[in-house]
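What follows is a single structure, written as structure tokens, with notes after it.
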There are 2 protein chains.
Amino acid sequence: MRTAFANGGVMESSELIWLRPEGAGVGRPASRSREEITEVAVRVADRDGLPGVSMRNVAAELGTGAGTLYRYVDNRDDLLDLMADHVAGEFALDNATGDWLDDLVDVGLQAREIHRRHPWLPELTLTRPVTGPNGIEATEYVLAVLADHPASDSEKLVALAMLHAVVASAARAEASTVDMMRSARFIAHVVAQGGHPHLAALNPDPAGGDPLPTALRRILRGLLSGVD
Amino acid sequence: MRTAFANGGVMESSELIWLRPEGAGVGRPASRSREEITEVAVRVADRDGLPGVSMRNVAAELGTGAGTLYRYVDNRDDLLDLMADHVAGEFALDNATGDWLDDLVDVGLQAREIHRRHPWLPELTLTRPVTGPNGIEATEYVLAVLADHPASDSEKLVALAMLHAVVASAARAEASTVDMMRSARFIAHVVAQGGHPHLAALNPDPAGGDPLPTALRRILRGLLSGVD
DNA sequence: CCGCGTTCGCGAACATTGATTGCGAACTAG
DNA sequence: CTAGTTCGCAATCAATGTTCGCGAACGCGG
């Protein structure tokens with residue numbers, strides 16, 4: 001798809017939305033902004049879930065028609081990108097203590113809190129890269145925390161990607177207890193039929209606390225405290 | 001939704017599809033099977049991607065109408081579940097060497113190969129739990145590998161979940177080079193504007209090999225060789 | 001061999017979705 | 001004030017998931 005501009009030029013919309021200018025300097029000014037639309041979309045998602053974020057729904061919430069949204073966004077995916085990066089702005093990136101492990105675990109736990117506040121977020125962050133302005137800011141922060149760390153840049157990026165994958169995945173598991181229960185019922189059925197001794201012998205730990213903090217510590221240290 | 005049966009009973013379809021019987025013993029026999037439909041759906045997905053897996057498309061490939069599929073499946077999500085578990089049958093689970101770390105890394109690398117063969121798979125495994133018969137089989141295998149390991153059951157399950165999350169996430173990143181390039185362009189733009197020193201100072205390692213095997217080793221050992 | 005109960009196949013139909021288009025109104029620049 | 005441009009909006013299109021009703025196919029009991 002191509003968008004024509006006042007200068008007669010043309011912009012390939014295969015770029016991320018943040019690279020495309022918002023509005024044009026001339027002509028009738030827009031009555032809404034990407035920010036405003038994004039906030040409304042996030043509110044709708046918090047209330048009705050991700051499938052509730054239809055162009056018609058969001059537009060209605062804004063008191064307008066569906067077609068109007070396409071003046072601000074090329075397609076629905078753009079809107080989803082905006083939403084994901086919007087909530088990435090909820091990070092508090094000024095807690096650095098100087099201990100890289102503590103700081104990275106803190107980022108991971110903050111990420112989980114964000115995912116908990118917005119149960120629709122895992123589906124987005126797991127399916128697409130989050131590389132909007134706020135996502136970039138978080139990445140820069142992590143790199144700053146690891147600035148004095150001896151690991152190579154590649155290793156740091158791998159650790160960052162893994163941190164993200166683990167947190168988002170855990171958050172998704174938390175978010176859909178329905179799926180969990182359906183799975184549990186099926187597993188119980190399979191176990192009841194025999195033939196899966198180790199699955200049958202499984203029993204949950206008594207009084208297991210929150211596993212994520214220690215898991216994150218172990219993963220990050222395993223990845224970055226290279227004792228191969 | 002509810003499905004009536006010959007005995008006058010009723011079955012809640014909120015169960016996973018594998019808990020619901022295929023066909024009914026009486027009446028006109030079905031001319032197709034879940035297996036057959038699943039195989040066709042997988043083939044369509046391999047060719048046209050996940051959005052190509054529409055009820056009409058799959059039905060057409062089977063030489064029938066869309067409505068017919070609903071005799072075998074309650075909804076599209078059921079079909080996706082079937083597909084995900086179907087390819088989970090591609091695991092070779094008879095390679096156990098006795099060394100749990102080697103064996104788990106092997107499972108992870110096998111999972112990546114499966115994801116590579118079916119580029120649509122990450123979107124499924126990341127979004128929903130894979131707990132069909134074949135998925136259960138893989139879980140049982142992992143538990144068998146870890147049978148003599150001193151870690152607690154909870155720790156083992158956490159490690160398994162993390163293994164899955166990491167592999168699927170890495171596979172997704174591999175699968176969509178388009179997104180990667182768009183992100184790269186935006187990051188380059190941000191860096192060019194200054195203000196992100198650590199991001200700017202980033203340079204990729206020369207001749208970096210495949211990072212996943214060592215990453216998996218480090219993560220799994222970090223999680224299961226408890227040296228807190 | 002035949003009817004009966006039940007299921008299956010199938011096409012038409014419905015609601016909803018993302019996206020496009022054409023036009024009049026609103027706005028800025030000169 | 002005029003020219004040029006963009007914006008808002010409603011109508012519209014194509015495609016999707018899903019439901020429904022009906023006639024035909026089948027197995028079983030007589």
Side-chain angles (χ1 to χ4, degrees), chain A residues 1-11 13 17 20-34 36-37 40-41 44-45 48-83, chain B residues 1-11 13 17 20-34 36-37 40-41 44-45 48-83:
Chain A
M1 183 250 179
R2 327 190 88 190
T3 309
F5 279 89
N7 54 13
V10 157
M11 172 172 231
S13 84
I17 187 172
R20 276 169 288 162
E22 174 171 11
V26 292
R28 176 179 178 178
S31 26
R32 284 167 262 267
S33 67
R34 280 183 190 162
E36 186 183 349
I37 292 179
V40 169
V44 170
D48 305 330
L50 211 48
V53 181
S54 70
M55 303 305 263
R56 284 170 174 78
N57 251 346
V58 176
E61 202 89 1
L62 279 158
T64 176
T68 304
L69 291 191
Y70 289 90
R71 295 281 181 188
Y72 300 84
V73 156
D74 267 11
N75 45 44
R76 184 169 179 265
D77 273 7
D78 273 356
L79 185 57
L80 298 183
D81 283 342
L82 287 174
M83 292 169 62
Chain B
M1 183 249 179
R2 329 192 84 185
T3 309
F5 280 88
N7 54 12
V10 157
M11 170 172 234
S13 85
I17 186 170
R20 276 169 287 161
E22 174 169 11
V26 292
R28 177 179 178 179
S31 26
R32 285 167 262 265
S33 67
R34 281 184 190 162
E36 186 182 351
I37 292 178
V40 168
V44 170
D48 305 331
L50 211 48
V53 181
S54 70
M55 303 305 262
R56 283 171 175 77
N57 251 345
V58 175
E61 202 89 1
L62 280 158
T64 177
T68 304
L69 292 191
Y70 288 87
R71 295 281 179 186
Y72 300 86
V73 157
D74 267 11
N75 45 42
R76 183 167 180 267
D77 273 8
D78 273 356
L79 185 56
L80 298 184
D81 283 342
L82 287 175
M83 291 169 62

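Letters A, B, ... are given to chains in the order of the sequence lines, protein chains preceding strands, and every chain is numbered from 1.
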Practice problem: Kindly say whether A:Arg34 contributes a backbone atom to a donor-acceptor pair with the side chain of A:Glu22 at under 3.5 angstrom? | Solution: yes
Quiz item: Okay, side chain of B:Asp78, backbone of B:Val73: is any donor-acceptor separation there less than 3.5 Å?
Solution: no
Once rounded to the nearest 0.5 Å, what's the spacing between atom [atom1] of [X] and atom [atom2] of [Y]?
{"X": "B:Glu61", "Y": "B:Asp48", "atom1": "CD", "atom2": "CG", "answer": "7.5 Å"}
{"X": "A:Thr68", "Y": "A:Ile37", "atom1": "OG1", "atom2": "CD1", "answer": "8.5 Å"}
{"X": "B:Glu36", "Y": "B:Ser31", "atom1": "CD", "atom2": "OG", "answer": "8.5 Å"}

Nearest-nucleotide pick for [X], side chain only, options being [options]:
{"X": "B:Tyr70", "options": "C:dT17, D:dT18, C:dC10", "value": "D:dT18"}
{"X": "B:Val26", "options": "C:dC10, C:dT7, D:dC7", "value": "C:dT7"}
{"X": "B:Arg28", "options": "C:dT7, D:dG17, D:dC9", "value": "C:dT7"}
{"X": "B:Arg71", "options": "D:dT16, D:dC22, D:dC7", "value": "D:dC22"}
{"X": "B:Ala30", "options": "C:dC10, C:dC27, C:dC8", "value": "C:dC8"}
{"X": "B:Arg32", "options": "C:dC10, D:dT16, C:dG18", "value": "C:dC10"}

Mind calculating the distance between [atom1] ([X]) and [atom2] ([N]) to the nearest angstrom?
{"X": "A:Leu62", "N": "D:dA10", "atom1": "CG", "atom2": "P", "result": "14 Å"}
{"X": "B:Ile37", "N": "C:dC8", "atom1": "CD1", "atom2": "C1'", "result": "12 Å"}
{"X": "B:Tyr72", "N": "D:dG17", "atom1": "OH", "atom2": "P", "result": "19 Å"}
{"X": "B:Arg76", "N": "D:dT16", "atom1": "CZ", "atom2": "P", "result": "10 Å"}
{"X": "A:Glu22", "N": "D:dC7", "atom1": "CD", "atom2": "C1'", "result": "13 Å"}

Quiz item: Quick one: does A:Arg56 reach the base of C:dG18 with a side-chain donor-acceptor pair under 3.5 Å?
Solution: yes
Quiz item: Pick the nucleotide of DNA chain C nearest each of B:Thr68 and A:Met55; which residue has the one closer to the 5' end?
Solution: B:Thr68
Quiz item: B:Gly67 or A:Ala66: which one's nearest nucleotide on DNA chain D is closer to the 5' end?
Solution: A:Ala66
